[in-house]
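Worksheet for the structure shown next.
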Amino acid sequence: MATETVAKPRTSARVHVQKFGTFLSGMIMPNIGAFIAWGLITALFIEKGWIPVPELGGFGTNAAGVKNLGLVDPMIKYLLPLLIAYTGGRMVYDVRGGVVGAIGTMGVIVGAGIPMFIGAMIMGPLGGWTMKKLDSLWDGKIRPGFEMLVNNFSAGIWGALLAMLGFYGISPLVTAFSTGAGNVVQFLVNNGLLPLTSIFIEPAKVLFLNNAINHGVLTPLGIQQSLDQGKSILFLLEANPGPGLGLLLAYMFFGKGAAKASAPGAAIIHFLGGIHEIYFPYVLMRPLLILATIAGGMTGIATLAITNSGLVAPSAPGSIIAVLAQTSRDSYVGVVLAVLLATAVSFLVASVILKTTKHSDEVDLNDATSRMEQMKGKKSSVASTLTGTGAAAGAGGVGVLAGPVRNIVFACDAGMGSSAMGASVLRNKIKAAGFPEVKVTNASIANLSDTYDVVVTHQDLTERAKPATSSAVHYSVDNFMNSPRYDEIVELVRDSNTEGSTATEGPDAGAGTPGGASASGSARGPAAGAAAAGTAVGSSETEASGAGTGEILARESVVLNGSATTRDAAIDEAGRLLLARGAVDEDYVRAMHEREQSVSTYMGSFLAIPHGTNAAKDHIRKSAVSVIRYPQGIDWNGKQVKFVVGVAGINNEHLHILSSIAKVFTNKEQVARLEAATSEDEILELFGKVNA
């Protein structure tokens with residue numbers, strides 16, 4: 001099977017290093033702003049800075065003869081390591097893990113007396129992981145009313161023990177490692193061997209292994225060196241944009257076809273934006289070109305070593321703007337020369353390779369981009385500029401695509417109510433447009449993964465969905481029933497799927513096209529898994545549920561004239577009908593209010609569908625739907641609602657009735673019939689006809 005072939009390489013050593021590097025990067029990158037702040041303060045206010053200020057730079061003494069503490073030393077010794085530790089702990093075990101990890105790191109900091117970035121990257125995740133394991137020991141065993149007491153004291157006691165472990169155990173080990181690694185770097189510098197590191201760094205970049213090297217070793221060592229010497233060459237070993245720029249310039253002059261045409265835009269993104277991954281497909285297209293980037297990298301490092309130049313803090317991203325902003329006051333000539341000479345050497349070597357070897361660049365750029373995305377483990381938001389995909393999406397300002405649209409997901413907090421309605425509406429529109437192979441599912445935000453082409457969320461939930469689906473095109477809607485964005489999505493599907501694929505090819509037709517393998521694989525993998533868990537809509541509207549419509553929407557659950565006059569009262573009224581059916585317990589009704597507080601369940605067309613949060617699914621005993629009509633209307637967060645549909649669903653049993661409700665409320669004539677209905681049977685009959 002194709003899915004097995006794709007999955008097997010992900011267990012390789014390279015992938016494990018990739019994941020480790022991504023984890024390290026996840027601790028460093030959110031705190032780059034703090035590194036930049038420290039770098040600017042250092043460059044400006046230290047004794048050799050642009051504007052020496054003793055009180056800020058931490059040199060000299062005050063009027064009482066006491067040494068000035070300044071900002072530079074406390075920030076590098078305490079603020080930055082604690083931020084890294086907190087971030088690492090939080091990645092493992094949310095805020096609780098972050099707090100415990102930071103406490104443990106304080107012991108390492110005090111025990112070592114030097115900047116403890118490596119110690120922070122150890123203690124932060126260790127604190128979060130061990131706290132998580134400890135909490136699991138007494139999970140569900142704490143007497144009611146004592147939860148806060150146990151949680152606070154367990155975190156405090158364990159944090160204190162970790163701080164002592166860090167002080168006596170971890171700090172000596174990390175200090176020894178830092179000293180040893182520093183000696184190795186110094187040996188390379190003293191013997192003129194540092195440029196040889198490009199032999200490892202440049203290929204590692206193309207294989208997405210650079211994070212483990214850069215954030216795991218070079219940045220911590222560079223910070224220590226910068227603190228001692230005011231600058232460090234280590235910050236530019238990987239971040240120098242020169243090698244990549246030279247390669248892209250060579251393609252501009254000597255490339256062919258799509259590669260030549262796309263190189264100028266890629267060069268701008270790389271050099272000014274600092275997104276180095278943009279040039280990786282060009283190397284993968286002709287692996288021999290790695291020699292050009294290695295030569296350029298070695299030249300840049302040698303120039304920095306000869307001119308004794310460096311940066312005061314990490315440059316992230318590797319943009320020429322960020323590089324110059326972090327350049328030491330006495331290093332501008334050396335840094336600029338390092339970038340220019342690295343560009344020139346990389347350009348010359350790449351030009352020779354391009355002129356002396358025969359190759360069809362135009363044919364292979366798409367394949368190289370796809371290989372890069374497979375190695376990265378996700379679609380690239382910038383690589384689409386190389387192949388021209390995603391133009392339709394980009395024109396609308398909503399994102400980019402890496403191939404035809406194969407799977408669309410509607411995401412909400414619970415993944416079982418509003419998102420199911422929206423998915424049903426859009427699925428019908430896409431089928432009517434002639435693209436039945438496009439899979440439209442729904443899921444809770446907690447279950448999202450970066451395997452979808454398009455993600456649709458309520459405007460209040462979009463920011464929560466983006467981190468987990470950063471490669472997808474995102475659409476925000478204010479209601480799930482009749483949003484004008486649906487027509488935009490249909491156009492996106494039409495534009496991206498018409499060229500190179502047809503509506504009759506089926507869901508797996510794109511397996512051989514760029515991005516196609518990933519899309520079809522994910523449709524059968526994560527999306528299928530979500531469906532099995534009860535968070536995805538079935539692909540066919542005519543599939544009958546085993547429960548049957550009568551069992552889910554019963555006559556006694558239909559009220560023609562609701563008594564509520566407010567939103568919260570209407571939620572209670574819908575919840576009581578579900579309670580009366582024995583479908584849910586009291587906790588589920590409370591969860592319906594919680595869901596409404598996080599994001600509105602207003603759907604449009606006078607309809608709201610209150611339902612519980614994702615965490616409340618355990619409080620559902622059987623699937624049921626309640627329908628209440630409010631002829632005079634209710635104010636629902638500024639929107640008029642005349643129909644409130646309470647939803648509680650186990651697995652997919654409620655989804656077919658939600659699909660029916662969606663069909664009714666997207667038809668103005670049928671909404672008018674609902675408003676004019678004089679009996680419960682008329683409402684049941686109307687839904688029954690739709691389901692039939």
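One is the number of the first residue; the rest follow in order along the sequence. Note that the structure is a prediction, hence the values are computed from the model and not measured.
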By side chain to side chain donor-acceptor pair (under 3.5 Å), which residues pair with Thr307, not counting sequence neighbours?
Ser309
Name all residues meeting the side chain to side chain donor-acceptor pair (under 3.5 Å) criterion together with Ser232; count only those two or more places apart in sequence or in a different chain, and write none if there are none.
Gln225
Between Val473 and Asp453, is a side-chain contact (heavy atoms from CB on, under 4.5 Å) present by the stated rule, with each step listed?
CA-CA 6 Å; Val473 177; Asp453 300 314; over 6 Å; no
Using atom types as modelled and distance alone, determine if a side-chain donor or acceptor of [X] lies under 3.5 Å from a backbone N or O of [Y].
X	Y	answer
Tyr251	Tyr282	yes
Asn68	Phe59	yes
Lys67	Gly58	yes
Ser331	Gly310	yes
Ser328	Val312	no
Asn240	Ile301	no

Rounded to the nearest 0.5 Å, what separates atom [atom1] in [X] from atom [atom2] in [Y]?
X	Y	atom1	atom2	value
Leu194	Leu304	CG	CG	9.0 Å
Leu288	Leu354	CG	CG	9.5 Å
Ile199	Ile290	CD1	CD1	11.5 Å
Met121	Ile118	CE	CD1	6.0 Å
Ile321	Leu324	CD1	CG	8.5 Å
Leu245	Thr293	CG	OG1	13.0 Å

Atom of [X], atom of [Y] and distance for their closest heavy-atom approach:
X	Y	value
Ile233	Ala305	CD1-N, 3.7 Å
Ser346	Pro243	OG-O, 2.7 Å
Ala85	Thr105	CB-OG1, 3.0 Å
Val349	Ala295	CG2-CB, 4.1 Å
Leu83	Ala34	CD1-CB, 3.7 Å
Gly128	Val92	C-CG1, 3.7 Å

Between [Y] and [X], is there a side-chain heavy-atom distance shorter than 4.5 Å?
X	Y	answer
Pro241	His270	yes
Leu492	Tyr475	yes
Pro203	Ile294	yes
Val72	Phe45	no
Leu82	Ile109	yes
Val335	Leu311	yes

Stepwise side-chain contact (heavy atoms from CB on, under 4.5 Å) test for Thr343 and Val339:
CA-CA 6 Å; Thr343 302; Val339 175; 4.3 Å; yes
Carefully, step by step, assess Val323 and Phe235 under the rule side-chain contact (heavy atoms from CB on, under 4.5 Å).
CA-CA 9 Å; Val323 168; Phe235 294 133; over 6 Å; no
Suppose the criterion is salt bridge (charged side-chain N to carboxylate O under 4.0 Å, His left out): which pairs have a residue in residues 329-344, not counting sequence neighbours?
Lys231-Asp330
Parallel, tilted or perpendicular: rings of Phe254 and Phe347 (30°, 60°):
tilted
Does a sphere of radius 6.0 Å around OH in Tyr332 hold more than 12 heavy atoms from other residues, nucleotides or ligands, not counting ones at 6.0 Å or beyond?
yes
